[in-house]
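To find a chain, count down the sequence lines: A is the first, B the second, and so on, and within it residues start at 1.
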Amino acid sequence: MKKVWAVARNTIAQALRMKIAGVVIILLLILLPMMSLVMIGDGTLLGKLQTFSSYSLSLVGLMLCVLTIAISTFTLSDEIKRRQIFMVVTKPVSRWTILLGKFLGVVLIDVFLLIFFASAVYGLTCLIPYWTEVAPQEYQQAQNEFFTAREGIKVVIDNAEIQKRAKERYQQMEKDRRLPETMTPKEIKAQLFNEERIREQSIEPGRSRQWDFNGVRPASDPNALIFVRYKYDASATPPDGRVFGLWSIGDLQSYEQGTLTTPIYNVRRDAPTRSAQEFAVPAGAVAKQGYLGVGFVNSPELNVSTVMVQDLEILYKVGSFTENYCRMVLLLLIRLIFLAVLGIVLTTWLSFPVAILVCTVIFGLGTVNGFIVESFDGFGVGMGTVYHYSIQPLLSLLPRFDGDFSPTKYIISGRMVRGMFLLRAAVETIGFKAFLLMLLGMWVFRSREVAKTAV
Amino acid sequence: MAESQFAIETIALTKVFPDWWGRSRVVAVDNLNLRIRTNEIYGFLGPNGSGKTTTIKMLLNLLHPTSGAAVVLGGSSSEAAVSSRIGYLPEDSYLYRYLTAYETLDFYGRLFGLPSSIRKLRIETLLDMVGLAGVGNRQVGTFSKGMARRIGLAGALINDPDLLILDEPTSGMDPMGTRQIKDLLVELARRGKTILLCSHLLADVEDICDRIGILYGGKMQVEGSVRELLEQTGETQIRTHSLNESATQRIRQILEEEQGECEITHPMDKLESFFVRVVAKAQQEMQLTSGAGAGAGISGFLADKEIVRQLGILEQLVSAEPVQNPTITEADAVTIQTQLRPVTESSSPDNSLLRTLTASKTEVPLSGKMESSPSGAAQQPKPAEAVKKDILEDLLGRGKKTDGTTTPTDSKTDGETAE
């Protein structure tokens with residue numbers, strides 16, 4: 001362990017001499033305070049907080065990722081290139097000790113810089129409400145929707161059911177010989193699927209829709225709130241771009257059966273289309289068994305077009321902002337640890353320029369993992385087993401830095417990073433992917449001739 | 001572990017370098033059977049590209065042999081038990097430019113798992129020994145090549161190794177430094193170390209090596225003890241004090257009666273010995289006139305440090321007064337070379353300077369009495385008190401390997417020498 005520490009110390013000393021470390025630190029030191037002053041979001045305090053915190057946390061994440069990639073691909077490759085490694089491997093130090101020491105050194109730098117800059121972002125975020133003059137209700141909104149950690153329950157669209165309906169329609173059309181001749185069956189099926197999907201979310205004028213949420217467990221605080229998050233869309237955009245809706249929140253199932261177990265809150269909301277909106281009702285709307293009904297009426301008096309309610313979600317507070325922020329930072333740390341391992345492992349075999357290229361590409365793929373997997377899945381449909389056993393396992397080895405793995409998603413909506421999810425991300429990214437990589441790196445480095453010459 | 005009599009043994013060791021496509025291209029080492037006995041100084045010679053460094057790299061597991069095997073200290077150098085007993089100085093020092101001399105040695109010490117108290121003590125004594133005590137806090141990136149070699153050598157000694165593998169240890173060093181390193185190596189061998197020395201400076205190898213091997217094209221061309229290989233049995237050399245004309249006439253006469261030809265001249269000093277004596281004397285005088293003359297002739301910081309080192313180490317090594325008149329010391333001596341049947345051993349390595357540095361006050365070098373032709377510098381018995389029992393003993397243990405512990409006496413002597 002002492003030898004691992006010796007290598008780690010040397011790695012840190014080496015990395016601190018790299019100009020990129022200085023550049024990253026100076027850039028962040030200049031940009032973060034500047035962003036806190038310049039960014040205003042949509043003009044509200046909440047908007048400002050959301051914009052600043054998400055951009056600055058993304059920037060810190062990106063800069064530290066770049067730095068980690070640079071250091072991790074440089075540290076070992078440079079020692080091999082300058083042959084300083086001769087003086088290390090000829091000592092009673094196993095090759096895995098060297099790799100572990102390098103890893104520890106890079107991770108320690110990451111941890112230090114991450115704590116420093118994440119604290120800076122946290123400090124600036126907390127200070128923004130103090131130096132911004134705002135109305136009390138805006139301040140309250142920021143407290144409710146930003147300085148919080150909320151659990152969210154989403155409406156899950158049953159794709160299988162939609163697929164089934166699309167198939168039935170297709171069969172019906174086929175029977176009626178109404179299939180358009182200009183389109184291939186595949187195109188027709190895709191279009192029918194999309195139509196059914198839109199229909200699933202659509203509420204025509206004069207119609208209503210009800211969604212049932214179970215397992216809603218807000219804090220027992222009498223002042224606790226339930227947040228309804230949604231996004232409007234319309235078949236024909238209204239002239240002012242706004243859609244009107246009437247919402248009912250409460251134990252709607254009992255209400256329909258003629259009993260009233262909870263208050264039913266009726267909320268009228270008009271909002272622009274295609275942007276996420278929220279409103280709050282007291283947590284008393286949730287029935288004892290954790291049930292909450294959300295109803296929406298598309299009143300023909302208010303709207304003339306079909307309204308689509310998308311990304312509907314129920315949110316309620318389950319923890320503090322500070323605790324949640326720490327979890328978001330941990331998500332970033334998981335990402336950095338993976339990149340540290342990746343960079344070091346690549347240089348057991350590749351030279352610095354090649355390794356940094358590969359590492360950057362893998363990082364890039366990681367940040368668009370969802371898109372890549374989705375597009376390959378689409379591509380692989382026709383390939384069946386071949387795809388299932390070749391490309392899919394490889395794709396699953398790619399790191400995931402987007403979607404649920406990205407902290408910005410949580411900070412914008414004040415959403416809790418679940419403990420189990422954090423654990424899963426750590427086990428999947430570090431415990432499995434990085435660990436496998438490290439084993440591979442140790443094997444390569446162990447069998448490598450460090451003084452190898454090709455003629 | 002049962003130690004064989006060989007510190008290094010290779011069996012048909014072969015290394016073929018492939019090209020990018022994996023095709024065999026260059027045979028760097030070809031069926032090499034190298035055997036280096038424990039406690040000898042072995043000179044590994046050969047022109048550039050003859051496979052010396054490749055062999056060393058295979059011994060140290062930096063390269064894997066294409067075929068054959070290498071046994072180092074009874075095992076493989078990839079084993080921690082073996083590599084912890086090896087000190088290695090590569091052909092270039094390969095230092096971390098951003099570390100200071102002290103940090104460099106500290107890093108190596110940590111890699112050997114030395115506890116911090118031992119590390120601290122050894123680093124200080126080593127820095128002192130290689131003459132870098134004054135620049136311990138300077139980054140090694142600013143060092144000259146010679147200084148880098150010194151720190152590299154100190155690094156190779158930090159673990160008190162049983163086997164030292166040195167690739168061109170004196171390249172880039174000044175003659176004084178070279179002389180010191182050579183003396184140090186002889187002293188290390190006297191203390192039971194085995195040394196594999198690669199060098200192009202043949203005079204140095206001749207001075208200190210017990211055996212040499214000459215490699216060419218990856219094959220051992222010739223191997224044997226320095227004496228065996230260099231002794232010219234067809235000639236006889238007699239050294240004596242200066243003779244008057246009548247004496248030399250009579251010698252000529254005797255030789256003519258024996259049908260021999262002879263050449264009677266005064267022997268030539270080696271330039272290295274001469275240089276070292278002149279510098280030593282200059283430094284001695286400078287110390288006496290400290291003040292006005294202290295900075296004279298010193299160019300820059302580096303030179304300053306070198307001089308400081310010389311004053312310290314040379315005086316420690318030489319317990320004798322500086323030679324009063326170095327330029328004429330050997331003028332009284334006469335060498336007679338003749339082609340008579342051999343009567344004494346000749347062509348011994350020049351160890352005069354070693355003796356100058358290590359002999360006691362009463363032993364004035366080459367002072368006219370017949371020389372007993374020692375069979376090699378390494379076997380030359382040295383007065384134990386001549387080499388100051390300080391730095392080396394602190395570092396290397398008294399006569400034998402230390403077990404890593406330090407007695408209070410050790411630290412005391414260290415304190416004395418570190419001034």
Exercise. Closest heavy-atom contact between A:Ser447 and B:His64?
Worked result: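 Smallest interatomic distance, heavy atoms only, reads O-CE1, 3.3 Å.
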Exercise. Which bit of A:Arg448 comes within less than 4.5 Å of chain B, counting heavy atoms only: side chain, backbone, both or neither?
Worked result: backbone
Exercise. A:Glu79 versus chain B, heavy atoms under 4.5 Å apart: side chain, backbone, both or neither?
Worked result: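 Answer is side chain: those atoms of A:Glu79 sit under 4.5 Å from chain B.
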Problem set entry | Interface residue of largest heavy-atom contact number with chain B, from A:Ile85, A:Val7, A:Val450, A:Thr97, under 4.5 Å |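 The candidate making the most pairs under 4.5 Å is A:Val450.
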Exercise. Are A:Glu449 and B:Lys15 close enough that some pair of their side-chain heavy atoms sits under 4.5 Å apart?
Worked result: yes
Exercise. Heavy atoms, side chains only, cut-off 4.5 Å: are B:Tyr88 and A:Lys91 in contact?
Worked result: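 B:Tyr88 vs A:Lys91: side chains apart.
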Problem set entry | Residue B:Asp92 versus chain A: region with a heavy atom under 4.5 Å |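 Contact with chain A involves no heavy atom of B:Asp92 at all.
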Problem set entry | Contacting region of B:Ile86 [heavy-atom separation from chain A under 4.5 Å] |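 Contact with chain A: none, neither part.
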For this session: Just give me the residue among B:Tyr96, B:Tyr108, B:Phe112 that pairs up with chain A most often, heavy atom to heavy atom, under 4.5 Å.
Result: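 It is B:Tyr96.
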Problem set entry | Distance in Å, B:Ile56 CD1 paired with A:Thr90 OG1, rounded so as to fall on 0.5 Å steps |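 Here the interatomic distance stands at 11.5 Å.
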Exercise. Roughly how far, to the nearest 0.5 Å, is CZ of B:Arg110 from NZ of A:Lys3?
Worked result: 13.0 Å
Exercise. Taking A:Gln84 for the side chain and B:Tyr94 for the main chain, is one N or O donor matched with an acceptor at less than 3.5 Å?
Worked result: no
